[in-house]
Amino acid sequence: MSKLPSWQRRLDDAFGPPKPGQYRAQPEDFLVDEHLDFTPEAHGEHLWLRLEKRNQTTLDVVKSLSRLCGVTPRDIGYSGMKDRIAVTRQWLSVHLPGREAPDDLAASLAALGIKVLEQARHPRKLKRGVHRTNGFTLRLTGEAIQADDFENRWQALCRQGVPNYFGPQRFGPEGRNLHRAEALLARGWRKRDDRQGMLLSTARSFLFNELLSTRLADGTWDQPVAGDTLMLDGTQSVFNVDSVDESLISRAAELDVHPTGVLWGVGDKDSEDAASYEAQLSQQYPALCAGLEQSGVKRARRALRMRLTAPQLTWESDAVLLSFALPRGSFATAVIGELIHHPDMA
């Protein structure tokens, strides 16, 4: 596989390609705040810490906590991986049964550029994917924001939703993670070669983006077709539809339900019209699809569209600030790619 992941913009037909722009010139231009829909119970074996980090990955923080608290990385939980070139806030948990954290933990973390914002005990480890949304505040600059159509592009995204692409960071520089995934699946996936499942995830993300690009091209990315699996907005609840009626069309137009695409693996396939998109993937990328099935990873669904929650636009002298929340697992770079032309989203 020589091609890089597809990135077909939603707004090009209406407005033309966006003009050049910049984002994330410094970490403070990309603020992320992870939101849970529950709070720690104030007792238990796990110390939960809400931390703010700058210019570090989540795994960098895990390593620091492991060393400072005298535990293994497996004793530390987190819900989502956050960007490195950013200022991000998220919860992590440390398993400390029968003992307290070091007295100087906050000071030691501060010396590493990590702030402790809150802390509380909880009976359970923080598990992956339990947060509900991520809030973003992004600063964009450059020619794109001076264009006459910039605010119209933004308003269109607010009204119609955004293609739910996996962002370019999932695939690595020049798509190198994807090439590694292809090579691993060709020889047979083994957990010891991909302990975190990153390469499996990369391959599934690529196939999802390809399917989404196909449905963008034929205009069904935001409209249900027969045999689709639909997802309720704001939840992970899904249901299948054998046929499409006016009620479903109306609900999709109101962003109440979203068509989904497959995260490839073992399991039941779509039926009727929706099945043609999966068949096209398996014909175009037979080795990748077969390798994922042989790995045993289970099929899952991901919404083809994401809704911007509480979107706001604020002008500065030479920049624009965009604020919004996205469901967990969705990428702010997919929003940025609709508004500016940048090498990351070429």
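Along the sequence shown, residues are numbered consecutively beginning with 1. Computed from a predicted model, the values in this text were never measured in an experiment.
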Any salt bridge linking [X] with [Y]? Criterion: basic side-chain nitrogen under 4.0 Å from a carboxylate oxygen.
X: Arg121; Y: Glu100; answer: yes
X: Glu143; Y: Lys19; answer: no
X: Arg299; Y: Glu278; answer: yes
X: Glu28; Y: Arg139; answer: no
X: Arg50; Y: Asp33; answer: yes
X: Lys125; Y: Glu45; answer: no
X: Glu338; Y: Arg153; answer: no

Q) Does Arg302 make a cation-pi contact with Phe166, if we ask for NZ or CZ under 6.0 Å from the ring centre and within 45° of the axis? A)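 Yes - Arg302 lies over the ring of Phe166, closer than 6.0 Å to its centre and within 45° of its axis.
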Can you confirm whether [X] sits close enough to [Y] that some side-chain heavy atom of one is under 4.5 Å from a side-chain heavy atom of the other?
X: Thr314; Y: Ser323; answer: no
X: Thr88; Y: Phe136; answer: no
X: Trp154; Y: Pro311; answer: yes
X: Ile340; Y: Tyr23; answer: yes
X: Glu34; Y: Ser79; answer: yes
X: Leu211; Y: Val262; answer: yes

With a 3.5 Å cut-off and no angle check, do the side chains of [X] and [Y] form a donor-acceptor pair?
X: Arg215; Y: Thr220; answer: yes
X: Trp264; Y: Glu293; answer: yes
X: Ser201; Y: Arg170; answer: yes
X: Asn177; Y: Thr202; answer: no

Step through the shown structure and confirm whether more than 12 heavy atoms of other residues, nucleotides or ligands are within 6.0 Å of [atom1] on [X].
X: Asp245; atom1: CG; value: yes
X: Arg74; atom1: CZ; value: no
X: Asp103; atom1: CG; value: no

(Q) For the CD atom of Gln90 and the CE atom of Met81, what is their distance to the nearest 0.5 Å? (A)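 Output value for this atom pair is 9.0 Å.
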Q: Working to the nearest 0.5 Å, report the span between CG of Asp148 and CZ of Phe15.
A: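 Between Asp148 CG and Phe15 CZ, I get 12.0 Å after rounding to 0.5 Å.
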Q: Go through Trp91 and Gln119 one step at a time and tell me if the side chain to side chain donor-acceptor pair (under 3.5 Å) criterion holds.
A: CA-CA 9 Å; Trp91 284 95; Gln119 64 181 56; over 6 Å; no
Closer than 3.5 angstrom, by distance alone: can the side chain of [X] be matched with the main-chain N or O of [Y] as a donor-acceptor pair?
X: Asn152; Y: Asp149; result: no
X: Asp228; Y: Val225; result: yes
X: Ser276; Y: Glu272; result: no

Q. Does the pair Glu182 and Arg187 meet the rule for a salt bridge (charged side-chain N to carboxylate O under 4.0 Å, His left out), with working shown?
A. CA-CA 9 Å; Glu182 182 187 23; Arg187 65 176 182 266; over 6 Å; no
Q. Does the ring pair (Phe, Tyr, Trp, His ring centres under 6.0 Å) test come out yes or no for His122 and His46, once each step is laid out?
A. CA-CA 5 Å; His122 194 69; His46 298 264; 8.2 Å; no
Q: Give the intermediate values and the outcome of ring pair (Phe, Tyr, Trp, His ring centres under 6.0 Å) for residues Tyr285 and Phe206.
A: CA-CA 10 Å; Tyr285 308 105; Phe206 169 79; 5.1 Å; yes
Q: May I have the step-by-step check of salt bridge (charged side-chain N to carboxylate O under 4.0 Å, His left out) for Asp194 and Arg180, ending in yes or no?
A: CA-CA 10 Å; Asp194 185 25; Arg180 291 174 58 203; over 6 Å; no
Q) Among Leu232, Asp233, Val238, Asp222, which residue meets the side-chain contact (heavy atoms from CB on, under 4.5 Å) test with His258? A)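 Exactly one candidate clears the test, Asp233.
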Q) How about Phe331 and Tyr165: are their ring centroids closer than 6.0 Å? A)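 No, the ring centres sit 6.0 Å or more apart.
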